[in-house]
Structures are given as C-alpha cells and as structure tokens.
2 protein chains.
Amino acid sequence: MSTEKAGYHHGNLRETLVRTALTLLEESGVEALSLRAAARGAGVSAMAPYRHFADKAALLAAVADQGYADLRDRLAAADTQADPRQALVEQGVAYVRFACERPALFRLMLGAPSAGAAPGPKAPAHQPPGPQPPGPKKTAGSGYDILSARVAGLVAEDRRDTAVVAAWSLVHGLACLAVDGRLHGMPGGMAAPEALARQVTSLFTAGLVAARPPSVSA
Amino acid sequence: MSTEKAGYHHGNLRETLVRTALTLLEESGVEALSLRAAARGAGVSAMAPYRHFADKAALLAAVADQGYADLRDRLAAADTQADPRQALVEQGVAYVRFACERPALFRLMLGAPSAGAAPGPKAPAHQPPGPQPPGPKKTAGSGYDILSARVAGLVAEDRRDTAVVAAWSLVHGLACLAVDGRLHGMPGGMAAPEALARQVTSLFTAGLVAARPPSVSA
DNA sequence: CGAGGATGTTTACAGTGTCAACAGAGAAGG
DNA sequence: CCTTCTCTGTTGACACTGTAAACATCCTCG
C-alpha cells in the first residue's frame with residue numbers, strides 16, 4: 001500500500017495508461033495509439049502521462065514489456081516436449097502464433113526500435129545504427145535461453161551459436177512475413193501460418209540433425 | 001518528350017520528390033521523412049506533391065519501388081554460382097547485406113505495410129489482417145523466382161514449397177534482427193551480419209541436402 | 001488568341017508530441 | 001490547526017504533420 005497502489009488523484013494512472021494503450025494498439029492499430037488517445041481513454045488530460053512516462057517511447061516500451069512477458073510465458077509453456085526436436089518445433093509454432101494473434105504488439109516489440117518520438121519540434125532525427133537493443137533484453141532473453149538449450153541438444157558445440165541464430169531468424173522471419181501479409185502470393189503461403197511454422201521448423205530441425213559433420217553417420 | 005519529361009513548372013517534380021524522399025529516408029531516418037519535408041527539399045510548396053501522389057503512402061510506395069528494383073538486381077547479381085547450394089548462400093548474403101546497407105529503405109519496403117497515412121483528421125484506423133501484400137509483388141517476385149529455382153535444385157518436389165518459405169524466412173528474419181540491432185547480445189551476434197548470413201545459410205542448405213527422405217543416401 | 005487542363009500556391013483545419021506555468025490534494029512539521 | 005512542500009494533474013501554447021478547398025499560373029490545343 002505504500003509503494004504506488006491506492007488513490008492519489010486518479011488511482012494508479014500508470015497502469016491504466018498501459019492497459020488503455022495496449023487496448024488501443026490491439027483494437028485500432030499502431031497509428032491509433034497516440035499519447036493523447038491513451039490519456040483520453042484513461043480519462044485524464046493530454047499532459048498527465050508525462051508524470052509517469054518521459055515521452056511516448058517510454059509508454060510504448062512499457063506496453064512492449066507486457067508483450068515480452070506474454071511471449072516468454074508462451075515459449076516456456078510450449079517447451080514441454082521431452083524430445084528437443086519436437087520442443088524446438090513447438091517453440092517456433094508458439095512464436096509464430098503469438099505474432100499472428102497479436103500482430104500490432106508483435107511489431108511494436110520486435111519491429112523498428114524506438115519508433116515512438118516522431119514529429120516533435122526538435123527532432124534529433126537519427127541514431128547511429130550501432131548500439132541499440134532496447135527490446136527483448138532480459139525478458140525475451142529467457143526465451144532465448146530456452147531456445148538455446150534446446151538447440152544445444154541437437155547440434156555439435158562448434159555449430160551451436162550459428163544454429164541458435166538460424167533458428168531464431170527462421171521463426172522471426174516467418175512471423176514477420178506472416179504478420180505483414182507477405183506470404184499470400186506464395187505457393188505454400190495460403191496455409192495457416194501455424195501450420196507453415198510447423199512445416200518449416202520441422203524441415204529445419206530435420207536438417208540440423210541430419211547434417212552432422214563428425215564421422216558418425218554413414 | 002511527350003510522356004512526362006521536360007519542364008512544365010518545375011521540371012519533373014515526381015522524380016525529384018522520390019529522390020528527395022529517398023535521400024531524406026536514408027540520411028535522416030523514417031521519422032524525418034515527411035511529405036512536407038520532401039516538398040521542401042524539392043523546392044515546392046507543401047501541397048505540390050498531391051499532384052503526383054494520392055497521399056503520403058503513395059510516395060512511400062514509390063520510394064519502396066526503388067528499393068525493390070535494387071534488391072532484385074542484387075539478388076540476380078548474386079546468382080552467378082553454378083552450384084545451387086553456393087548460389088543460395090550468396091543470395092542470402094546479398095539479401096542481408098542489402099538490409100544492413102540500407103536499413104531504413106529495407107524497413108520501408110518489408111516492414112509494416114502502409115505505415116504511411118497516420119494522423120490525418122479522418123482515420124479509418126484499422127485494416128483486416130487478411131488481404132494486403134502491397135510490397136514485393138511483381139518486382140521482388142522475380143527475386144522470389146530466382147530463389148525458388150535454386151531451392152528446386154536442392155530438395156525433392158514435395159518439400160519444395162516449404163523449403164522456399166523456410167529459406168526466405170531465414171534470411172528475412174536474420175536481416176530484420178540485424179537491422180534492428182537485436183543480435184548484439186547473442187554469442188555469435190557480434191560477427192558482421194554478412195558473415196552470420198553466410199554461416200546461417202550454409203548451415204541451412206547443408207541441412208536441406210542432408211535430409212533427403214528418398215532412399216538415396218546411406 | 002482564347003479555352004481548358006495540368007501543375008503549383010495559399011489558406012485552413014484537425015491532430016500530434018511536448019514545453020511552461022499553474023492548481024489541487026495529501027503528507028510533514030511547526 | 002495551520003503552513004508548507006511535493007506529488008499529481010490541468011490549461012495553454014508552439015512546432016509540426018497530413019490533407020481538403022479555393023485560387024493562381026503556365027502549357028497546349030483548337
């Protein structure tokens with residue numbers, strides 16, 4: 001009760017703002033998610049959010065954090081299979097399913113970083129493309145750990161890092177293409193993205209286990 | 001001379017606008033690319049672009065078309081190797097290299113569709129997530145054909161569609177992750193994205209050729 | 001030379017992110 | 001109890017955006 005819960009003026013505005021912003025995002029799209037609209041939805045004035053968030057990007061980051069938590073939970077929940085190959089497939093399917101079920105959130109989380117502060121009066125305008133991973137740092141990092149552990153069970157150690165990057169790239173790319181409707185013209189693209197994810201990740205993991213360089217097979 | 005070339009009032013505004021917008025995009029980022037800024041850079045008034053583009057999204061689409069052409073050329077230029085496996089790797093590297101060299105353009109081309117018309121007075125606000133591939137229709141479709149042909153040389157016909165989707169997903173995902181700086185915390189992520197692309201696509205193609213279900217190997 | 005259409009300008013409006021100055025509510029201390 | 005101070009929220013303003021309507025200009029065609 002002493003931390004930040006019960007009522008000052010509004011109650012707890014911060015949480016209300018995040019929830020309102022998330023609703024706005026998922027029901028009306030990114031372009032409808034403005035700071036003023038969130039404030040309006042929370043029943044406060046346009047400047048009130050600035051008592052809880054430094055700028056629009058900070059609100060968006062808070063919304064994205066919700067998404068990271070949900071995604072991490074889903075990946076963990078999909079990691080029940082004992083066979084690492086099956087587990088990897090299920091994780092990939094869960095990743096793509098998340099993206100398809102919550103496309104706007106997914107894009108906010110893993111799209112272009114800090115696309116929030118746009119048309120202000122003073123625009124610093126550019127950022128060096130180097131050091132800026134404001135996204136799935138620690139939260140989705142756990143998801144990354146889960147993925148990494150599963151890949152470790154499938155490939156030799158010298159190819160592990162490459163395989164992890166490849167696995168993430170595969171499902172992330174499929175998720176992006178599906179979410180952005182880029183698979184519609186393709187031969188296999190008419191299938192449900194989840195089914196596609198299953199096929200694609202199965203193909204990938206099959207290749208992983210089949211292409212062992214050490215002298216074991218044959 | 002009768003088509004649209006020599007001078008009316010400005011010369012050919014349309015091309016100037018596209019060029020200005022492209023420069024703005026690549027030198028100052030998406031958030032600096034406004035219709036008014038493009039007009040300003042072209043030396044005309046804010047409303048002049050509307051004689052050549054229906055709205056901001058149309059300008060962005062024209063800019064993206066430049067990118068599709070460049071990407072297609074690069075993919076074609078990378079397709080010189082005789083060995084389909086090597087050719088596939090080179091295509092993937094070229095794709096990732098394009099994304100890393102022109103990140104803003106890449107995101108405009110293959111990011112969220114129609115993210116142009118944002119804060120107008122009347123906002124229709126949402127689009128059903130179904131039929132909307134305004135991106136690499138015909139242009140990058142040629143790139144798709146090149147990719148498809150190469151994959152066809154590596155896998156059996158019943159897995160071909162899946163393999164094509166997987167290949168595109170793999171390089172597209174890697175490109176997105178690299179462009180958005182999402183690989184910096186990863187074990188193998190410190191390497192140059194091009195080197196990563198080579199490793200990842202090599203691993204993938206190796207798996208493709210190794211995991212043949214018909215009774216040929218062994 | 002006059003009509004018409006293509007092209008560009010001015011003005012205006014609604015909406016946005018954000019700064020500055022102000023107002024109310026709840027706690028701290030006399 | 002009253003004062004003061006610090007959160008919290010409000011009002012007003014500014015610079016900027018995309019875009020509609022009305023007007024001006026210039027080229028071309030008849």
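In what follows, every chain begins at residue 1, and chains take the letters A, B, ... in the order their sequences are listed.
- Comparing D:dT8, D:dT11, D:dT19 against the side chain of B:Lys56 picks out D:dT19 as the nearest.
- Computed from coordinates, the B:Asn12 CG to C:dA6 P distance equals 18 Å when rounded to whole Å.
- What separates OH of A:Tyr50 from P of C:dC19 is a distance of 7 Å, to the nearest Å.
- If you take CG of A:Leu59 and C1' of C:dT18, they are 14 Å apart, rounded to a whole angstrom.
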Legend entry - Test side chain to side chain contact (heavy atoms under 4.5 Å, CB included) applied to B:Arg198 and B:Glu90, step by step: CA-CA 8 Å; B:Arg198 191 171 300 275; B:Glu90 294 305 324; 2.7 Å; yes
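- Per the geometry, CZ belonging to B:Arg51 stands 14 Å off P belonging to C:dG5, to the nearest Å.
- Spacing between atom CG of B:Asp55 and atom C1' of D:dT17 amounts to 14 Å, rounded to whole angstrom units.
- Between D:dT17 and B:Arg40, a contact under 4.0 Å exists linking OP1 or OP2 to a side-chain N or O.
- Side-chain to base pairing of A:Arg36 with C:dG15: no donor and acceptor N or O lie closer than 3.5 Å to each other.
- Ranking C:dG17, D:dG9, D:dT19 by closeness to the A:Leu13 side chain, first place goes to D:dG9.
- Taking atom CG of residue A:Leu60 and atom C1' of nucleotide C:dT16, one finds them 13 Å apart after rounding to whole Å.
- We find that CZ of A:Arg14 is positioned 17 Å from C1' of D:dG9, with the value rounded to whole Å.
- Atom CG of B:Leu154 is separated from atom OG1 of B:Thr205 by 7.0 Å, given to the nearest 0.5 angstrom.
- Note on ring orientation: taking the six-membered ring where Trp is involved, the planes of B:Phe98 and B:Phe106 are perpendicular (angle over 60°, cut-offs 30° and 60°).
- As rounded to whole Å, 12 Å separates atom P of D:dG18 from atom CG of B:Leu17.
- If you check D:dT17, C:dT11, D:dG9 against the side chain of B:Met47, the one that comes closest is C:dT11.
- Contact annotation: B:Ser34 reaches the phosphate of D:dT17 (side-chain N/O to OP1 or OP2, under 4.0 Å).
- Across A:Leu170 and A:Phe204, no two heavy atoms sit closer than the pair CD2-CB, 3.5 Å.
- Annotation: of the two residues near DNA chain D, B:Ala46 and A:Ala48, the 5′-most nearest-nucleotide partner is A:Ala48.
- A:His172 and A:Tyr95 have perpendicular rings, their planes meeting at more than 60° on a 0 to 90° scale where under 30° would count as parallel.
- In this structure, B:His52 does not reach the C:dA6 phosphate: none of its side-chain N or O atoms is under 4.0 Å from OP1 or OP2.
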